[in-house]
Amino acid sequence: MTNKHDHDAARIPRALRALGGEKAPATLLPAVLERVGLSDRYWRLASPLGPVYVAHSKAGISMVSRASSAAAFERRFRSRFGRSISAETRVAPARVKALVRDLKGEERRALAFDLRGLSEFERAVLEKALEIPSGEVRPYGWIAREIGHPDAVRATGSALAKNPVPLLIPCHRVVRSDGHLGRYSLGGARNKKTLLEIEGARPDTLEMLAAQGVRYLGNAEKRSYCYPTCGGAIQELLEANKVHFHSGQEAVAAGFRPCKDCRPMAA
């Protein structure tokens with residue numbers, strides 16, 4: 001004899017099949033993620049480029065972007081990541097506020113970043129960009145070589161263009177292989193120049209050297225050659241290192257060895 005419990009259990013599969021093509025409401029997933037603490041939240045913080053929105057999840061900082069409004073930022077975030085996001089009610093940590101506002105300090109390396117959705121190669125590119133000191137620049141090819149993919153210069157540029165957390169992962173410190181500044185994902189070349197000026201990298205001087213075809217500066221006393229911004233004091237380097245090289249081969253042929261700090265390319 002079938003009891004009530006068995007009868008009810010048999011009804012459940014039939015009821016589920018009867019739902020057919022019914023879909024869960026669009027609000028269900030965001031609500032669930034919010035309930036279990038997996039949705040992203042964001043702050044609106046001051047930066048040298050004006051207000052920016054900084055999103056974070058339990059895994060770390062997930063996006064930094066300019067936007068005309070909070071609603072526009074939320075739309076951009078959902079479009080890119082397909083995840084729920086809402087305004088943060090808690091105050092941003094002082095360290096994050098200071099890094100976004102002043103770009104100072106290398107504490108950014110200690111920050112956690114939420115880079116899910118990026119490939120292993122893209123993450124490697126961004127992690128290497130984190131190693132470039134403030135006030136210095138490196139070419140795309142340097143990053144490609146450093147991460148073990150010397151022929152992937154174009155792919156390196158594409159990965160930097162997709163950087164979801166500019167300012168904090170400083171892709172503005174990466175320049176074209178010919179020394180020119182190149183583009184920037186957070187508002188274009190003008191903003192890139194602004195950030196480099198703040199850090200003391202002298203972007204106008206970099207562009208002048210690039211126009212002259214100067215890639216490296218040679219230290220006649222130490223017999224080594226460097227990127228023009230090695231050490232973050234470009235003017236002092238220019239005054240102290242009168243030897244200019246157009247390529248690494250030229251420097252090596254002249255008896256100079258690569259600097260151990262900035263590790264310039266041989267090309």
Side-chain angles (χ1 to χ4, degrees), residues 64 80 106 108-109 113-186 188-189 191-193 195-196 199 201 203 206-219 223-232 234 237 243-267:
V64 176
R80 177 165 186 173
E106 298 309 315
R108 68 188 70 237
R109 296 186 193 177
F113 295 102
D114 183 350
L115 301 178
R116 69 183 118 161
L118 298 185
S119 68
E120 182 179 350
F121 174 83
E122 290 167 336
R123 288 194 298 272
V125 168
L126 298 184
E127 288 165 3
K128 181 55 63 172
L130 269 173
E131 297 180 15
I132 305 173
S134 176
E136 300 190 30
V137 300
R138 300 286 188 274
Y140 297 121
W142 179 88
I143 288 186
R145 184 200 64 186
E146 288 272 314
I147 65 173
H149 297 275
D151 297 324
V153 177
R154 185 181 296 274
T156 295
S158 297
L160 290 165
K162 292 168 59 179
N163 177 11
V165 284
L167 291 182
L168 293 177
I169 293 182
C171 53
H172 61 276
R173 298 176 188 166
V174 188
V175 299
R176 283 173 24 183
S177 295
D178 60 7
H180 288 285
L181 300 184
R183 296 176 294 178
Y184 182 48
S185 61
L186 196 62
N191 284 347
K192 186 172 190 174
K193 181 178 179 181
L195 297 177
L196 291 175
E199 295 183 346
L206 290 175
E207 287 284 7
M208 177 195 72
L209 292 172
Q212 295 173 356
V214 176
R215 298 281 305 285
Y216 306 112
L217 302 178
N219 186 309
R223 304 300 292 176
S224 63
Y225 68 99
C226 308
Y227 286 112
T229 56
C230 181
I234 185 170
L237 280 170
V243 186
H244 295 176
F245 294 114
H246 298 85
S247 69
Q249 290 101 325
E250 182 183 357
V252 171
F256 288 70
R257 63 182 181 279
C259 167
K260 292 181 179 180
D261 293 327
C262 66
R263 304 185 297 278
M265 298 174 64

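Predicted model, so just to flag it, every value in this text is computed and none were measured. All residue numbers refer to positions in the sequence shown, counting from 1.
Screening residues 257-267 for salt bridge (Lys or Arg N to Asp or Glu O under 4.0 Å), with sequence neighbours left out, gives Glu146-Arg263.
Every residue meeting the ring pair (Phe, Tyr, Trp, His ring centres under 6.0 Å) condition with Phe121, not counting sequence neighbours, appears here in chain and number order: His149. Qualifying side-chain hydrogen bond (donor to acceptor under 3.5 Å, both in side chains) partners for Glu207, counting only residues two or more places apart in sequence or in other chains: His180. Evaluation of the side-chain hydrogen bond (donor to acceptor under 3.5 Å, both in side chains) rule for Arg176 yields Asp178 as partners, not counting sequence neighbours. When the side chain to side chain contact (heavy atoms under 4.5 Å, CB included) test is applied to Asn219, the partners found at least two apart in sequence or on another chain are Glu221, Lys222, Ser224, Asn241.
Across every non-hydrogen atom of Val174 and Lys192, the tightest pair is O-NZ, 2.5 Å. Considering every non-hydrogen atom in both Cys226 and Cys259, the closest pair reads SG-CB, 3.5 Å. Closest approach of Val125 to Ile147, counting heavy atoms only: CG2-CD1, 3.6 Å. A pairwise comparison of heavy atoms in Leu168 and Leu130 identifies O-CD2, 3.6 Å as the closest pair. Closest approach of Cys171 and Tyr184 over heavy atoms only: SG-CE1, 3.7 Å.
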Would you be so kind as to tabulate the donor-acceptor pairs closer than 3.5 Å made by side chains of residues 151-162, with sequence neighbours excluded?
from   : atom 1 : to     : atom 2 : distance (Å)
Thr156 : OG1    : Ala152 : O      : 2.8
Ser158 : OG     : Arg154 : O      : 3.3
Lys162 : NZ     : Glu122 : OE2    : 2.6

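Within the model, atoms OG of Ser134 and CZ of Arg173 stand 4.5 Å from one another, a figure rounded to the nearest 0.5 Å. In this structure, Phe256 CZ and Tyr216 OH are separated by 14.5 Å, a value rounded to the nearest 0.5 Å. Distance check: Glu250 CD to His244 NE2 gives 11.0 Å after rounding to the nearest 0.5 Å. To the nearest 0.5 angstrom, His246 atom NE2 is 10.0 Å from Leu209 atom CG. Going from atom CD1 of Ile132 over to atom SG of Cys262 covers 11.5 Å, rounded to the nearest 0.5 Å. Note that CZ of Phe245 and CG of Leu217 are 9.5 Å apart. Values are rounded to the nearest 0.5 Å.
Between the side chain of Thr229 and the backbone N or O of Val137 there is at least one donor-acceptor pair closer than 3.5 Å. Of the possible donor and acceptor atoms, none in the side chain of Lys128 sits under 3.5 Å from a partner among the backbone N and O of Arg145. For Asn163 (side chain) and Ser185 (main-chain N/O), no donor-acceptor pair under 3.5 Å exists by modelled atom type. Between the side chain of Arg123 and the main chain of Leu118, a donor-acceptor pair closer than 3.5 Å is present.
Two residues are said to be in side-chain contact when any heavy atoms from C-beta on lie closer than 4.5 Å; Pro164 and Leu126 meet this criterion. Residues Val214 and Pro228 have side chains not in contact (no heavy-atom distance under 4.5 Å, counting atoms from C-beta outward).
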Intermediate values then yes/no, side-chain contact (heavy atoms from CB on, under 4.5 Å), Leu167 and Leu195: CA-CA 9 Å; Leu167 291 182; Leu195 297 177; 3.7 Å; yes
Tyr227/Arg138 under side-chain contact (heavy atoms from CB on, under 4.5 Å): CA gap, chis, key distance, verdict: CA-CA 8 Å; Tyr227 286 112; Arg138 300 286 188 274; 3.8 Å; yes
Candidate pair Glu199 and His172, rule side chain to side chain donor-acceptor pair (under 3.5 Å), full reasoning: CA-CA 11 Å; Glu199 295 183 346; His172 61 276; 3.0 Å; yes
